[in-house]
Amino acid sequence: MAEHPLFTPCPLAPAETGGESRPLFAPGSFCRPAGKETVAGLGLPHPHDWNPADEDWRLPENWEAILKAAFRDRLRKYRSLRVFMDICVRCGACADKCHFFLGTGDPGNMPVLRAELLRSVYRGEFTVAGRLLGKAAGSRRLNAAVVKEWFAYFYQCTECRRCALFCPYGIDTAEITMIARELLLELGLGINWILEPVANCARSGNHLGLQPQVFRESVRTLCEDIRDITGVNINPPCDEKGHEVLFVAPSGDLYAEPGIYTFMGYLMLFQAVGLDYTLSTRASEGGNFGLFASAGLARKVNAGIYAEAERLGVRWILGGECGHMWRVAHQYMDSMNGPAPAGLETPRSPVTGTVFRHAASAKMIHIAEFSADLVHHGKLRLDPGRNESLIVTFHDSCNPARAMGLLEEPRAVLRAACTHFVEMPENTIRERTFCCGSGAGLNSDEILSLRLQGGLPRGHALRHVQRRNKVNTLACICAIDRVSLRPLAKYWAPGVRVAGLHELLGNALILPGEGERRLNLRQEPLPGAPGYPAEPFL
């Protein structure tokens, strides 16, 4: 595997002085840094142009003081950070749980050693023992090589939290990564793939920078496709006041495959149950790349959802298939941007009467819960035979599954909408799910080699069920996964396609007034329809 020409790891080489190692920033081992204009536009400190491959990163003259002050501030602000810095016993329980360590074989990607990059500086700069005993206490002082190691390895962490699941002390390396990235931003060191979407959100309300007319046109085009497939006209309201629900989806579902088919499934579902909802061009992004950079940017991106819900006068908020949107909404939304506007209520399904009490604070639920509740109460007319050619397995996206416990709901929908559903191996799903290898803002093609290495455990599990059960479809409930799992499946399990949960539900959904269905949402012939191949497409 290591000899494959696709793989270009970021190795460590001896430093010229000091006897320590340093990362080699070879092409393909790092993401393009955010440019000066992007950083300045977000009001972040020390905007400047720099290149990780250069020796001089053009840090501010007093960068050591800036970093120490920022680190001290986080230690004061986050009690959990100080606890995580103090309690690790280096037992190694986390080592083989990280997909990047398993995929790259780089010891620096062991969660314990990645956290040690920050922890050693904490000892050297903020503890008496570390200052007195130095390396004997496992401490080191700040220098430029340390900053470069932070950038190399904290951008090889997808904040999936699998290591935290197995840590006997509950140390959350994802939180350590988040703090380390905040500290790097204090020096103007961030990556374009994260900060540019955040900047786009600040200007236009979504990661892609789509203007309102483009958003509306994209929705209209998808509605035309639905009409061509089903014969049913759908005209979703947009920016209209007086509706019960504000629906917010990740913007990625509006512009590229396979997300567009998932968005079509959303619209068909709402049509089928008569949901009183509105879309919004101002809240046209459910995802939150700010989460991958700093708490302040996450708060900035997320603020628009509550503001728009209040402006439109809705009762509650429904979110589309997005992983980190779900985590932000249910772990941070109330504390970052709350309390929720006074007009919002605890979400209650107008179709089944179910009250989603766990969302009493955030006032927002995930569409997988909403749809699973409809399935449970028998409120949907489904023909799972339309998905008969698909042998489906499910990828538990890290944030909805491990962080929030959204485990059974998507499976209930899949079993209702599909005739063939197969689980991947037990130790690779549910709370123990392996990451796609591209989360936390690392889904850039600039590091495709690294992503595929990080995706090795998920790829092997997928390949296992492909060989054993002839699986040909990988379903998920995350917009990043829908994009990043496509090259992963193509490399590790060729022939497996990736689909959103609501694409498959839309295939099976029988809409009131629909004509004879001959096509699925990808406009491929359904089983038994004219043109359906003797061998399934997949």
Side-chain angles (χ1 to χ4, degrees), residues 159-161 174-175 178 197-198 201 205-207 244-253 262 266 277-280 282-312 314-341 343-349 354-373 396-407 409-410 439-441 476-481 500-502:
E159 302 175 13
C160 79
R161 300 180 70 250
E175 185 169 333
M178 294 162 77
V198 174
C201 268
N206 59 73
H207 291 157
E244 181 176 0
V245 177
L246 170 63
F247 178 64
V248 182
S251 58
D253 284 355
T262 300
Y266 302 150
Y277 74 103
T278 184
L279 304 173
S280 168
R282 298 189 188 182
S284 54
E285 180 62 74
N288 192 330
F289 271 42
L291 179 67
F292 309 144
S294 74
L297 291 179
R299 184 184 306 112
K300 182 183 183 72
V301 171
N302 196 63
I305 296 178
Y306 271 165
E308 188 65 352
E310 184 174 29
R311 185 184 76 87
L312 295 176
V314 299
R315 294 183 181 179
W316 54 278
I317 308 167
L318 179 62
E321 293 184 21
C322 182
H324 56 290
M325 173 183 70
W326 183 240
R327 186 173 179 190
V328 169
H330 284 267
Q331 287 192 331
Y332 306 121
M333 191 167 182
D334 186 31
S335 56
M336 286 195 311
N337 302 111
L344 291 182
E345 304 171 358
T346 300
R348 176 184 180 276
S349 172
T354 297
V355 178
F356 298 93
R357 300 192 185 281
H358 65 281
S361 176
K363 317 300 185 188
M364 182 173 181
I365 64 171
H366 194 286
I367 194 169
E369 318 177 76
F370 181 73
S371 298
D373 179 63
D396 288 280
S397 301
C398 298
N399 283 315
R402 187 161 32 247
M404 302 310 307
L406 196 64
L407 306 173
E409 292 87 348
C476 60
I477 55 170
C478 174
I480 287 179
D481 284 337
L501 178 69
H502 282 77

Partners passing side chain to side chain contact (heavy atoms under 4.5 Å, CB included) against M336 (at least two apart in sequence or in another chain):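 Result, side chain to side chain contact (heavy atoms under 4.5 Å, CB included) vs M336: A298, R299, N302, V328, Y332.
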
With sequence neighbours excluded, residues passing salt bridge (Lys or Arg N to Asp or Glu O under 4.0 Å) with [X]:
{"X": "E159", "result": "R181"}
{"X": "E308", "result": "R311"}
{"X": "R315", "result": "none"}

Classify the side-chain pair D373/T354 by whether it contains a donor and acceptor separated by less than 3.5 Å. yes

Side-chain donor-acceptor pair under 3.5 Å between S284 and N206, yes or no? yes

Is any side-chain heavy atom of S280 closer than 4.5 Å to a side-chain heavy atom of V248? no

Minimum-distance pair of heavy atoms, taken over all atoms of G287 and C322: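 Residues G287 and C322, closest heavy atoms: CA-SG, 3.8 Å.
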
Just say parallel, tilted or perpendicular for the rings of H330 and W326, cut-offs at 30° and 60°. tilted

So Y266 and F247, would you call those rings parallel, tilted or perpendicular, with 30° and 60° as cut-offs?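 Perpendicular.
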
Applying salt bridge (charged side-chain N to carboxylate O under 4.0 Å, His left out) as the test, list every pair that has at least one member in residues 320-331; sequence neighbours left out.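 Sorted result for residues 320-331: E321-R482.
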
Ring pair (Phe, Tyr, Trp, His ring centres under 6.0 Å) against H207, all qualifying residues, sequence neighbours excluded: F289

